[in-house]
Structures are given as structure tokens and as C-alpha cells.
Amino acid sequence: MSDFSLSIIGWYRQNKRDLPWRNTKDPYLIWLSEIILQQTRVEQGTSYYLKFKENYPEVADLANATELDVLNNWQGLGYYSRARNLHHSAKHIHEVLNGEFPSEYSEIIKLKGVGKYTAAAISSFAFNEAQAVVDGNVYRLLSRVFDIDLPIDSGKGQKYFQQLADQLIDTEDSATHNQAIMEVGSIVCSPKAPSCAVCPLNDICLGLKNNTIEQRPVKTKKIKVTSRFFHYLVFHFDNKTYIEKRSQKGIWQNLYQFPLIETSVEASEEEKTIWKDQHYESIPIRHLLSHQKIDVVFHHINKKPELIQNNWQEIKLSSIQEFPIPRIIDKYLIEHPQFF
Ligand code: SF4
């Protein structure tokens with residue numbers, strides 16, 4: 001075992017957080033936790049993991065659930081394609097693989113929604129296969145410990161970091177090594193103000209020695225952010241309203257929303273005539289995603305619309321929360337109970 005591995009595993013055994021998915025070797029439950037935790041903080045993801053585990057204790061239970069049910073359970077986590085892929089793969093395991101979760105990295109990575117990191121995590125945690133995980137925490141930790149200035153968002157950089165992680169892994173106990181490297185990266189070597197004084201790697205850390213911690217990791221690409229403007233039409237008539245399903249690809253696919261008018265710039269006068277009869281207009285609420293900035297306004301209109309689109313569905317105003325809806329609408333409903 002390398003000194004690197006000895007140090008992080010020693011620290012991990014003493015300091016690890018007791019997270020519910022760490023007490024199992026069941027690949028299905030590990031997969032659930034890994035998909036839920038993508039782009040989600042541990043504090044938020046834990047309750048979702050426990051909910052999914054309770055509602056769908058076996059892969060067959062998830063496979064047999066309706067997509068509506070799965071999306072409802074996912075509501076609030078965002079990035080809904082993860083839930084759809086999870087459901088799709090559960091059906092695949094149940095129907096094509098006879099309910100047997102694949103037991104090797106090369107097979108696990110074929111599941112929809114599973115990339116290199118997730119396949120390495122599942123195959124090492126559940127089957128102790130020596131596959132090194134490289135997630136954001138690992139990139140940051142390795143770039144600092146070895147003072148690497150290769151950009152982590154370049155093909156060359158990613159290959160280099162993966163090779164380095166592969167060399168460092170403890171092949172006897174890859175599960176603990178992988179958990180440990182991510183835990184040290186997440187808890188000790190945090191993005192801002194890392195805790196170098198108590199870090200198990202501080203005696204070998206070149207970033208600390210060379211005073212380059214703040215410049216690591218290096219990234220090249222600037223993310224291009226698109227601006228979008230969403231206008232939701234909230235009709236009120238006979239305690240009813242209209243909703244529609246977002247069937248197109250992209251954000252919030254298959255979730256429900258109030259009828260939407262989307263503009264790529266601020267709405268024109270012509271577009272505004274559609275909600276000229278409104279009795280209340282919310283202030284714009286900004287919703288930030290990694291590549292999009294969405295300004296959302298809710299227009300409340302006290303009548304039945306004259307023109308009704310084919311994809312609109314008439315529902316009781318109070319029943320909207322029975323449908324899977326984007327987090328921003330859910331929050332709006334909670335914060336404006338006078339309307340719903
Ligand atoms: S010594 Fe500091 S910068 Fe280096 S790995 Fe530890 S926490 Fe990160």
C-alpha cells in the first residue's frame with residue numbers, strides 16, 4: 001500500500017461520517033445513493049436516499065413504479081434526467097438482466113446514466129474491484145497534493161488525473177481507499193480554506209509547500225450561460241386552473257407546469273397582451289442552473305382563457321402539488337398560499 005493510501009485510510013477510519021449508504025454492500029442501494037448524490041449535497045441527498053430505499057427497497061420495486069411516481073419522489077432534487085435514467089436502468093436490470101445487478105465495472109458502465117466515476121464507485125464499494133474514483137473532490141485533492149497545473153476540464157488533464165488515481169489506489173481494499181480519498185477531499189481539502197493543519201497529507205503536499213493551493217485545480221473553459229425568461233400563466237376560475245406537461249427534451253422534461261410563454265429576451269409588448277388581464281404579477285424569481293439563468297414571473301389571471309391549447313390539462317387549483325413540478329414552482333406555491 002502506498003504512503004498516500006495509508007495516510008488517507010488512517011484518517012478515514014478515525015474521522016469518517018456515518019452516512020447510511022456506507023453500511024451496505026448492496027450494489028442497488030449504492031447505485032441509488034450515487035445517482036442521488038450527483039450534483040447534490042450530502043445533507044440534501046440523505047433524506048432522498050432514505051425515501052427511495054423505503055419506497056423501492058429492491059430494484060424490482062423501482063422498475064415496477066410508474067415514471068410519475070418516481071418523479072414525484074425525486075421532486076426538489078433537480079436535474080430530473082437522473083431520475084428518468086435511474087428508472088430506465090432499473091427496468092433494464094429487472095427485465096433484461098433478470099433482476100441481477102451487474103457485478104463488473106465494464107458492465108455497470110453500460111447502464112444509462114452511469115459514467116466512469118459512478119461505475120468505479122459501485123464496482124469498488126460493492127465488489128471491491130480496483131477501479132479508482134475521480135470526482136470533483138479527487139481532482140482538487142490530487143491537483144494540490146501533486147501540484148498539477150493541467151486543466152481538469154481538458155481531455156489531457158482528465159486522462160492524467162485518472163492514471164494518477166489508478167496508480168495510487170490500494171488494490172487490496174479499493175472500497176475503503178476510494179471512500180477515503182473522496183472524504184479527505186470533501187472534508188479536509190475543501191475548495192476554500194482547506195484544513196491543512198490537520199490534513200493527513202500535509203507532509204507530502206506540494207501545493208502547500210509551493211504555496212499554490214489557491215491556484216489548484218486549474219480550469220480552462222468558462223461556462224457560457226444562456227438567459228431565458230419564463231412567464232407562467234396561472235389561471236383562476238371555479239377553483240380550477242390549467243397545467244401542461246413539459247414533453248420536450250431539456251430541463252424539467254416530463255414535469256408539469258402552468259402554461260408557459262418563454263421569451264429569449266424581456267417580453268415584447270405583443271407578448272405582454274396575453275397576460276394584460278392579470279390581477280397579480282410576481283416579481284421575477286431568478287433560477288440559476290450550471291448553463292442557464294432563468295427569470296421566472298407568475299402571472300395570475302382571474303378568468304378562464306379564451307384559447308385553450310391541446311396539451312393543457314384542467315385541474316383543481318389545490319391539486320397541483322399532486323403532480324411532479326419543478327422546484328421553483330413548488331417553492332412559489334408554498335410561499336404564496338393565498339392563491340392556492
Ligand atoms: S495539505 Fe492542504 S492543500 Fe494539501 S491536501 Fe491537505 S488540505 Fe489539501
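Atoms within each ligand, like the ligands themselves, are counted from 1 in listed order.
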side-chain hydrogen bond (donor to acceptor under 3.5 Å, both in side chains) between Q75 and Y80, intermediate numbers included: CA-CA 8 Å; Q75 193 169 310; Y80 287 83; 5.6 Å; no
Examine the side chains of [X] and [Y] and answer whether a donor and an acceptor come within less than 3.5 Å of each other.
{"X": "Q257", "Y": "E244", "answer": "yes"}
{"X": "N73", "Y": "N55", "answer": "yes"}
{"X": "Q309", "Y": "Y242", "answer": "no"}
{"X": "Q38", "Y": "R82", "answer": "no"}
{"X": "Q292", "Y": "R228", "answer": "yes"}

Under 2.8 Å from atom 8 (Fe) of ligand 1, the protein N, O or S atoms, given as residue and atom: C189 SG
